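Down below is the structure, laid out as structure tokens.
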Amino acid sequence: MMSLFRKPKTFKLRALHSQQKFGVAGKSCQEVLRKGCLHFQLPVPGSRLCLYEDGTEVTGGYFWSIPDNSELVLLTEGQTWEGYVSDISRFLNVFHKPHVGVIQAARQLLSDEQAPLRQKLLADLLGTVSENIVAETRAEDPPWFEGLEPRFRSKSSYLRFSCESRIRGYLREGPFDMASCVSRHSINPYSNRESRVLFSTWNLDHVIEKKRTVIPTLAGALEDQDGRQLDWEYFYSLLFTSENLKLVHVACHKKTTHRLSCDPSRIYRPQTKPRRKRAARKCP
């Protein structure tokens with residue numbers, strides 16, 4: 001009887017596999033269920049309501065404890081709902097072949113979502129599903145080139161310029177003493193604009209430190225050369241190649257002394273022994 005004097009509760013209701021939502025009000029679970037079935041043209045027998053967030057079934061005793069404007073899902077007989085992760089699982093199933101409909105659906109969910117955790121999950125999901133790795137030119141993937149100068153007509157040309165600029169800057173932070181990152185950081189800057197921008201935050205780290213070790217060793221070798229030929233290819237590899245450079249996520253940098261030294265046997269080129277001249281043969 002108390003429900004007769006209470007203000008009707010309001011909800012956002014949608015059917016399974018539908019992005020359409022509509023507002024509904026009612027003083028009981030059955031009233032909301034009937035209105036929902038009428039709106040979506042679904043049968044009332046066998047149908048039930050559950051919370052969109054975690055899939056909890058809405059019953060009469062639980063009805064009044066649900067906050068107003070909560071999102072509900074209308075299920076017919078045989079249908080199940082495990083919460084918002086069901087939406088994410090549905091998107092994951094089509095990752096191998098993303099299409100416009102999936103991207104639009106993800107954007108619609110994100111625009112209506114209020115919970116911070118679900119916003120992050122959907123945003124990360126949208127960034128992944130909208131990857132366009134195969135595209136190379138500006139015409140094939142215009143969003144990727146937003147904010148870049150017109151002279152860059154392909155992804156490769158920009159990334160080549162970016163890498164050259166960063167190598168000239170000698171960025172030095174990173175997990176120099178690890179074969180791989182325990183955080184499993186990875187990035188493909190060709191995929192979309194967000195990944196391209198994120199790529200600029202990654203650092204190039206000299207395993208054998210440039211300022212503390214490589215440059216002082218090179219300077220000392222030039223002073224003590226004493227007729228020996230410097231192995232410039234070795235020092236070039238330490239300064240500019242992946243033999244001594246690692247591309248690392250900025251969060252994994254280690255601001256410590258690496259305590260590694262150059263290879264003493266590779267500072268100078270091996271000296272070649274002069275060939276002995278053969279004695280001239282005398283004709284008999």
Side-chain angles (χ1 to χ4, degrees), residues 133 136-137 144-145 147-191 195-284:
I133 299 173
E136 168 67 11
T137 66
W144 194 92
F145 291 85
L148 298 183
E149 297 177 23
R151 64 190 176 101
F152 298 115
R153 298 182 180 181
S154 69
K155 294 181 179 180
S156 296
S157 65
Y158 171 75
L159 290 173
R160 186 181 300 110
F161 166 80
S162 178
C163 289
E164 289 174 352
S165 299
R166 293 174 62 196
I167 286 176
R168 286 193 291 268
Y170 299 111
L171 296 173
R172 56 187 174 81
E173 294 86 1
F176 65 94
D177 54 354
M178 301 172 65
S180 60
C181 178
V182 295
S183 300
R184 303 297 183 217
H185 288 127
S186 63
I187 189 172
N188 189 330
Y190 283 83
S191 60
S195 295
R196 188 257 295 170
V197 174
L198 181 62
F199 176 69
S200 65
T201 68
W202 284 54
N203 292 328
L204 289 168
D205 176 37
H206 285 90
V207 180
I208 301 176
E209 293 176 282
K210 175 181 69 74
K211 289 184 178 180
R212 291 191 177 99
T213 306
V214 179
I215 297 301
T217 301
L218 177 59
L222 289 172
E223 291 179 1
D224 301 333
Q225 196 167 359
D226 194 23
R228 292 173 291 181
Q229 186 177 3
L230 194 72
D231 191 345
W232 63 267
E233 291 180 329
Y234 172 60
F235 285 99
Y236 179 88
S237 68
L238 294 181
L239 292 171
F240 303 110
T241 74
S242 59
E243 181 177 331
N244 192 47
L245 279 171
K246 283 188 175 182
L247 183 65
V248 296
H249 193 282
V250 66
C252 293
H253 74 277
K254 293 183 177 180
K255 296 182 179 180
T256 59
T257 302
H258 294 191
R259 302 186 186 281
L260 297 173
S261 59
C262 299
D263 185 352
S265 66
R266 299 186 62 184
I267 294 176
Y268 298 103
R269 290 187 181 277
Q271 290 183 323
T272 57
K273 295 181 180 179
R275 298 178 63 182
R276 293 181 179 179
K277 295 183 178 179
R278 292 183 178 182
R281 288 186 176 183
K282 293 182 178 181
C283 295

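Just so it is clear, the model here is predicted, and its values are computed rather than measured.
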In this structure, CG of D205 is separated from CG of L245 (nearest 0.5 Å) by 8.0 Å
Say you draw a straight line from OH of Y268 to CG of D224; how long is it, rounded to the nearest 0.5 Å? 5.5 Å
Residues forming a salt bridge (Lys or Arg N to Asp or Glu O under 4.0 Å) with E223, sequence neighbours excluded: none
Set of residues satisfying salt bridge (Lys or Arg N to Asp or Glu O under 4.0 Å) with respect to R228, sequence neighbours excluded: none
Measure up the F161 and F152 rings against each other and bin them: parallel (under 30°), tilted (30 to 60°), perpendicular (over 60°). tilted
Using a 3.5 Å distance criterion without hydrogens, assess whether the side chain of [X] forms a donor-acceptor pair with backbone atoms of [Y].
X    : Y    : result
T217 : T213 : yes
N244 : L238 : yes
Y234 : S265 : no
E209 : V214 : no

Any pair counted as salt bridge (Lys or Arg N to Asp or Glu O under 4.0 Å), so long as it reaches residues 232-241, sequence neighbours left out: E233-R269
Here the pair of heavy atoms bringing Q225 nearest to Q229 is NE2-CA, 4.2 Å
Restricting to non-hydrogen atoms, name the atom on S156 and the atom on E136 that form the minimum distance, rounded to 0.1 Å. OG-OE2, 2.9 Å
Tell me, please, which residues at least two apart from [X] pass side chain to side chain donor-acceptor pair (under 3.5 Å).
X    : value
S261 : none
S157 : S154
S242 : none
R160 : none

The criterion is side chain to side chain contact (heavy atoms under 4.5 Å, CB included); which residues satisfy it with F145, sequence neighbours excluded? R138, L148, K155
For I215, enumerate each residue passing the side chain to side chain contact (heavy atoms under 4.5 Å, CB included) test, keeping only those at least two apart in sequence or located in another chain. K210, L239
Residues which pass ring pair (Phe, Tyr, Trp, His ring centres under 6.0 Å) with Y236, listed by chain and number, not counting sequence neighbours: F240
